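Written below as structure tokens is the structure these notes are about.
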Amino acid sequence: MYSLLLPSIFLVASCHALVSTRELVPHAIQLQSRVSPKEATLRRRALNPATVPLADFFLGTDLQWFGNISVGTPPQNVSVVFDTGSSTLEFASTMCGSSCDSQVKFDYTKSSTFVDKKTTSSITFSTGVGVDPVVGSNYRLSLRAAQDTVTVGGLVATKVAINLITSQTKKFSIDPFSGIQGMSAQAQGFFASLINQGLPSLFTLYVTPNAIGGAELMIGGIDKSKFNGTLKYASLPNPGSSTWSLTSPSISVNGKTTSLLRQSRDIIFDSGTSNILFSTDTTEAIYALISPKIKAHAAQPGTYGIACSLIPTLPAVIDLGFVDENGKPFNLTIPSSELSVGPFADSTSTCQTLINAFDGLELVGGSVLKHYYSVWDVGSQRMGFAAV
Ligand SMILES: *[C@@H]1O[C@H](CO)[C@@H](O)[C@H](O)[C@H]1NC(C)=O
Ligand SMILES: *[C@@H]1O[C@H](CO)[C@@H](O)[C@H](O)[C@H]1NC(C)=O
Ligand SMILES: *[C@@H]1O[C@H](CO)[C@@H](O)[C@H](O)[C@H]1NC(C)=O
Ligand SMILES: *[C@@H]1O[C@H](CO)[C@@H](O)[C@H](O)[C@H]1NC(C)=O
């Protein structure tokens with residue numbers, strides 16, 4: 001599934017330029033990131049961690065995990081994907097005409113705290129929803145800026161910048177959720193407000209496969225009941241950028257690697273996408289180590305496939321190598337069970353494979369994240385992983 005909700009890199013960069021959030025990170029968070037005694041952190045902490053249950057958008061493959069926030073006064077539930085690949089909050093509203101008819105729409109006329117900021121903008125995503133690759137601007141939202149109260153996991157943030165979707169391209173109509181809550185590596189919106197109120201500046205994701213369920217987002221804390229073993233942390237290579245990425249010195253497939261796969265690359269972690277996007281040469285080097293029968297699927301540029309009947313026999317363990325904070329290597333491992341993302345609509349005996357070629361982006365999403373409990377530590381600009 002290539003359902004990626006990552007806006008183009010340029011967009012992320014421009015959002016970052018528009019909204020400077022660094023000064024919103026309070027001193028208390030700095031204390032915590034310095035391994036200070038727990039008591040000290042607790043004394044400064046005004047808000048306790050909160051949990052948001054997540055539902056899995058599942059179409060034979062796990063596509064996205066989404067949960068409710070509430071917006072306005074009195075609060076209206078708005079379901080959103082918590083998307084580490086974007087920065088802002090946008091959702092369907094009654095300002096949106098028939099293009100949002102398959103989503104629940106936020107009725108701004110019923111909120112006493114709603115403020116219309118009137119400016120309009122648009123976002124084009126380079127990853128979409130579902131299993132179709134993004135072509136041109138087929139994932140595009142038109143937006144109107146506003147402000148309202150946003151509550152997440154019961155924690156209230158007032159005067160949060162929101163964007164009402166005023167129209168959207170057809171590709172969004174399969175979404176069972178109404179919008180996207182950006183959770184980039186620089187806190188913005190409700191999260192910046194909660195950090196200001198004393199919430200520790202990190203969040204965690206437990207995005208499980210459909211058969212397991214119980215997925216959750218925790219803001220401000222780590223839910224130790226969800227994993228055994230220790231978290232391995234790796235520092236972001238570009239602290240201060242909005243992008244959640246880590247440097248990967250090498251990739252191995254079924255225990256083997258090649259000189260191309262041993263080249264260092266920064267890999268983006270996008271909770272809003274199910275698939276993997278790698279440059280064409282990396283994609284083809286990985287597939288060559290799995291099976292020469294994996295071929296580009298011409299009808300959908302960027303996708304690859306193989307006869308579905310061959311999938312069960314193919315070992316396809318992909319180890320993404322990283323280096324932890326202490327200089328020790330560790331792998332994030334994608335098991336063979338992730339190889340197929342399901343049959344192509346136009347060729348049902350051919351199964352689409354998990355990596356799409358997309359030059360200019362190296363990005364992983366749900367197919368990696370659902371095998372780990374993940375910590376997104378904004379305050380310390382690092383990510384942590386523990387196998388589940
Ligand atoms: C979100 O809230 C709606 C009602 O507004 C409810 O039906 C749905 O189950 C909730 N979704 C999740 C993931 O909690
Ligand atoms: C809103 O969503 C929350 C969390 O999913 C749920 O517990 C609650 O029942 C929903 N509220 C309404 C009014 O449906
Ligand atoms: C942790 O390990 C214990 C003992 O093996 C097991 O009962 C429990 O289910 C595990 N918890 C998780 C979250 O994997
Ligand atoms: C990562 O995976 C590769 C390939 O399977 C393996 O050779 C290497 O030892 C692993 N590294 C660690 C730290 O486990």
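All residue numbers refer to positions in the sequence shown, counting from 1. Indexing begins at 1, ligand by ligand and atom by atom, following the structure's order. All of these numbers come straight from a predicted model, not from anything done at the bench. Side-chain atoms are counted along with the backbone in the values below, which use heavy atoms only and exclude waters and symmetry mates.
Residues with a heavy atom under 4.0 Å from ligand 4: Ser252, Gly255, Asp319, Pro329, Asn331.
Each of the atoms 13 (C) of ligand 3 lies under 4.0 Å from some heavy atom of Phe227. For ligand 3, the atoms closer than 4.0 angstrom to any heavy atom of Lys226 are 13 (C). Atom numbering of ligand 3 starts at 1 in the shown order; those under 4.0 Å from a heavy atom of Ser225 are 13 (C).
Taking the six-membered ring where the residue is Trp, Phe114 and Tyr108 present tilted rings, their angle falling between 30° and 60°. Relative orientation of the Phe66 and Phe177 rings is tilted, given thresholds of 30° and 60° on the angle between their planes. In this structure, Phe203 and Phe191 have perpendicular ring planes: the angle between them is above 60°, well past the 30° mark.
Phe322 is linked by a ring pair (Phe, Tyr, Trp, His ring centres under 6.0 Å) to Phe269, Phe330, counting only residues two or more places apart in sequence or in another chain. Applying the salt bridge (charged side-chain N to carboxylate O under 4.0 Å, His left out) criterion to Lys110, with sequence neighbours excluded, gives Asp107.
Among residue pairs with one or both ends in residues 267-329, those qualifying as disulfide (SG to SG under 2.5 Å) are Cys308-Cys351; sequence neighbours excluded.
Side-chain contact annotation: Thr124 with Arg140, donor-acceptor N/O pair under 3.5 Å present.
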